[in-house]
Novice: 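Here's a structure for you.
In what follows, every chain begins at residue 1, and chains take the letters A, B, ... in the order their sequences are listed. Note that the coordinates shown come from a computational prediction; the quantities given were computed from them, not determined experimentally.
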There are 2 protein chains.
Amino acid sequence: MLQLTKRTEYGMLALVHMLDRDGEYVSVREICERYPLPKRTVAEVLKDLARNGVVESQRGAGGGYTLARSPDEITLGHVVSALEGAPALTSCESALVLKNGGCEVQPSCPIRSPIHRVRERLWQMLEHTTLRSLVASGGHVPLHTAAASAPHAP
Amino acid sequence: MLQLTKRTEYGMLALVHMLDRDGEYVSVREICERYPLPKRTVAEVLKDLARNGVVESQRGAGGGYTLARSPDEITLGHVVSALEGAPALTSCESALVLKNGGCEVQPSCPIRSPIHRVRERLWQMLEHTTLRSLVASGGHVPLHTAAASAPHAP
DNA sequence: GCAATTAGCACAAATTAGATGCGCTTTGAG
DNA sequence: CTCAAAGCGCATCTAATTTGTGCTAATTGC
């Protein structure tokens, strides 16, 4: 389906929360108290974001995660590529098929090239959507004034 | 994942082939001989496209499918919406969650609004990608000169 | 040094979406 | 009447995604 994974959603929510907490270390537990998200998956998501340099982790008491860069330098593209890999609109672009030598030996696939262009533009959109723009425009209510709110029915 | 389904790919390939055959009725069998695609799924895809007025079906001997509109009026958007439903980038936009009253009661979801804008633009891209533009630009080789070629390893 | 907190990691399992096969029915052409 | 082809329902089958539980390692605060 043409849909972001839950991991990506969780990642974005976590990043927004970290932005709210402005530089402090935020634990997975805290994020899952703020939003009703499964702890395990959020932990894994943040680990992957840390590996990709989007956030920094700090172990031990008082530790957690914090943004590794400015919210203007963190984009939806970074999050998606860290959590889902680069988008492959068609199955013949996916890593699995590529490594099997499935499709790139077929130079005359009629839909390949135009689909690639669509994907390129989609990718540009993701890369130009910064973390700051996420909070700047939405119905987002900063932490200290907001009651707990959740994006999902758990 | 941010990826089109195989159904959508099959649909586009089938449409391209129908365009090649210029107005004649094309059977599912013929399409599956041209491209190595599973008959059952292609049949279902074309049925759905017919329901949505993208193609027209003709039963009986000599029947099959043909384009219901000009290749300039058929877009990737039509195909995706017929075969996958309108794209819902986040899970809280998906039909399942909506009908459960899951998320739209949460007016302060921090990421909802900007994600919607991304989705709108993605949707516009799909709507502006016409069937004709698919064949006009790719490495597509018209039917009568092409050897059989396939987009996938089966 | 010790206890509490917190990330990291591994095994597995539950859930969901997606894709496909088979056989039968209906329709239409020759 | 016979054959080709769409339409339909049922049953899987597969693959990706998501999640739970419990244990390990790293820090911090006392």
Novice: Could you go through A/L67 and A/L131, starting from their C-alpha distance and side-chain angles, then the distance that decides it, and tell me whether this counts as side-chain contact (heavy atoms from CB on, under 4.5 Å)?
Specialist: CA-CA 10 Å; A/L67 299 182; A/L131 176 56; 3.9 Å; yes
Novice: Measure from the side-chain heavy atoms of A/Y10 and tell me the nearest of C/dG18, D/dT18, D/dT17.
Specialist: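 My answer, after comparing the listed nucleotides, is D/dT18.
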Novice: Decide yes or no on side-chain contact (heavy atoms from CB on, under 4.5 Å) for B/R121 and B/M125, but give the supporting numbers first.
Specialist: CA-CA 6 Å; B/R121 290 174 57 187; B/M125 283 171 47; 5.9 Å; no
Novice: Are B/M1 and B/I115 linked, directly or through other ILVMFWY residues, by side chains that come within less than 4.5 angstrom of each other?
Specialist: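 Different clusters.
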Novice: Side chain of A/S27, heavy atoms from C-beta onward: which of C/dA19, C/dA7, D/dA16 has the nearest atom to it?
Specialist: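 Nucleotide nearest to A/S27's side chain: C/dA7.
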Novice: Heavy atoms within less than 4.0 Å of DNA chain D: which residues of residues 55-69 of chain A have one? Give them sorted by number.
Specialist: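 Here the set is A/Q58, A/R59, A/G60, A/A61.
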Novice: Could A/E30 and A/R34 be called an ion pair, given the rule that one side-chain N must be under 4.0 Å from one carboxylate O?
Specialist: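 No, A/E30 and A/R34 are not salt-bridged.
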Novice: Measure from OH on B/Y25 to P on C/dA29 and round the result to the nearest Å.
Specialist: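 For the pair B/Y25 OH and C/dA29 P, the rounded distance is 10 Å.
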Novice: With no hydrogens and no angle check, is any side-chain donor or acceptor of B/T66 less than 3.5 Å from a backbone partner on B/G23?
Specialist: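 Yes, B/T66 side chain to B/G23 backbone: donor-acceptor pair under 3.5 Å.
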Novice: Could you state the atom-to-atom distance from CG of B/L4 to C1' of C/dA17 in whole Å?
Specialist: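 Distance, rounded to whole Å: 15 Å.
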Novice: So if I apply the salt bridge (Lys or Arg N to Asp or Glu O under 4.0 Å) rule between B/E44 and each of B/R7, B/R51, B/K6, which one comes out positive?
Specialist: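 Considering B/R7, B/R51, B/K6, a salt bridge (Lys or Arg N to Asp or Glu O under 4.0 Å) with B/E44 is found only for B/R7.
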Novice: Shortest non-hydrogen contact from A/A14 to A/I31?
Specialist: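 Taking A/A14 first and A/I31 second, the nearest heavy atoms are CB-CD1, 3.9 Å.
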Novice: For A/R29 and C/dT5, give me the distance from atom CZ to atom P, rounded to whole Å.
Specialist: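 It works out to 8 Å between those atoms.
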Novice: Which listed nucleotide (D/dG7, D/dT19, C/dT6) is nearest to the side chain of A/T41?
Specialist: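 Nearest nucleotide to the side chain: D/dT19.
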Novice: Would you write out the dot-bracket form of DNA chain C, 5' to 3', with Watson-Crick and G-U pairs under 3.5 Å, [ ] for crossing pairs, | for pairs to other strands and . for unpaired bases?
Specialist: ||||||||||||||||||||||||||||||
Novice: Counting heavy atoms from C-beta on, name the nucleotide in D/dT18, C/dG8, C/dA19 closest to the side chain of A/T5.
Specialist: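 Output: D/dT18.
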Novice: Let me confirm one number: the CG-CE distance from B/L83 to B/M12, rounded to the nearest 0.5 Å.
Specialist: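 So the CG of B/L83 and the CE of B/M12 are separated by 9.5 Å.
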Novice: Between A/A43 and B/T8, just flag the one whose closest nucleotide in DNA chain C comes earlier from the 5' side.
Specialist: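 The 5'-side residue here is A/A43.
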Novice: Could you tell me the separation between the CD atom of B/E30 and the C1' atom of D/dA6, rounded to a whole number of Å?
Specialist: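 In whole Å, D/dA6 C1' and B/E30 CD are 15 Å from each other.
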Novice: Rounded to the nearest angstrom, tell me the gap between atom NZ in A/K39 and atom P in C/dC9.
Specialist: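 My rounded result for the distance is 16 Å.
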Novice: Above 12 or not: heavy atoms from other molecules or residues under 6.0 Å from CG of B/D72?
Specialist: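 Yes, enclosed.
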Novice: Rounding to a whole Å, what distance do you find between B/R7:CZ and C/dA17:P?
Specialist: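 After rounding, the reported distance stands at 14 Å.
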Novice: If you only use heavy atoms from C-beta on, which nucleotide in D/dC8, C/dC9, D/dA16 is closest to the side chain of B/M1?
Specialist: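 Minimum distance to the B/M1 side chain belongs to D/dA16.
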Novice: Taking atom P of D/dA6 as reference, at what distance in whole Å does atom CE of B/M18 sit?
Specialist: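 Roughly 10 Å, once rounded to whole Å.
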Novice: Expressed as a whole number of angstroms, how long is the span from B/E44:CD to C/dC22:P?
Specialist: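 Result: 15 Å.
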